[in-house]
Amino acid sequence: MMTHPAVLARLVEEYEVESELRAAGRHGPVRQQLEDVVYTLCVSTGTRDIDAALAVARERLRTVRFGDVGGVDDVEAAARGGRTLSGTAG
């Protein structure tokens with residue numbers, strides 16, 4: 001079973017945000033959230049480390065965005081809970 005592209009997109013974005021917070025010196029709950037996202041990305045991609053998980057997730061997203069399932073707008077809107085860039089459902 002493959003993880004839906006919208007879920008992967010959200011997880012990658014969450015990882016990037018949590019990583020930036022961690023790099024900025026924020027710890028505590030950020031550390032646990034980052035560990036949770038890393039774990040979920042690894043499980044979702046069938047990998048064992050974050051570098052491999054990100055590579056697999058980004059490749060799947062690239063494939064989806066360039067022709068296999070829907071388009072970039074579909075994946076990105078789904079990742080935002082069905083909202084378009086303007087913030088409206090769509």
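Values reported hereafter were calculated over all heavy atoms of this structure, with side chains retained and with hydrogens, waters and symmetry mates removed.
Here the closest heavy-atom approach between residue Leu34 and residue Ser19 is recorded as CD1-OG, 3.7 Å. The two atoms that bring Leu11 and Val37 nearest to each other are O-CG1, 3.6 Å, heavy atoms only. Closest approach of Leu61 and Pro5 over heavy atoms only: CD2-O, 3.2 Å.
Interatomic distance, OH of Tyr15 versus CD of Glu20, reported as 10.5 Å (0.5 Å rounding). How far OG of Ser44 is from CZ of Arg10: 9.5 Å, rounded to the nearest 0.5 Å. Atom CD of residue Glu18 and atom CD of residue Gln32 lie 10.5 Å apart, to the nearest 0.5 angstrom.
Each salt bridge (Lys or Arg N to Asp or Glu O under 4.0 Å) pair with one or both residues in residues 28-39, not counting sequence neighbours, appears once here: Arg31-Glu35.
Through direct or relayed side-chain contacts under 4.5 Å between Ile, Leu, Val, Met, Phe, Trp and Tyr, Leu21 connects to Val17, Val30. The hydrophobic cluster containing Val56, built from Ile/Leu/Val/Met/Phe/Trp/Tyr side-chain heavy atoms closer than 4.5 Å, comprises no other residue.
Inter-residue side-chain proximity for Leu8 and Val64 is flagged as unmet; no heavy-atom pair is nearer than 4.5 Å.
Every residue was checked against the side chain to side chain donor-acceptor pair (under 3.5 Å) condition with Thr3, not counting sequence neighbours, and none meets it. With sequence neighbours excluded, no residue satisfies salt bridge (Lys or Arg N to Asp or Glu O under 4.0 Å) with Arg22. Applying the side-chain contact (heavy atoms from CB on, under 4.5 Å) test to Glu16 and every residue at least two apart in sequence or in another chain returns Val12, Arg58.
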| task | Go through the steps to decide whether Glu59 and Arg62 satisfy the test salt bridge (charged side-chain N to carboxylate O under 4.0 Å, His left out), and finish with yes or no. | result | CA-CA 5 Å; Glu59 177 60 22; Arg62 187 195 63 75; 2.6 Å; yes
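Val38 pairs in a side chain to side chain contact (heavy atoms under 4.5 Å, CB included) with only one of the listed residues (Val43, Leu54, Ile50, Asp49), which is Ile50.
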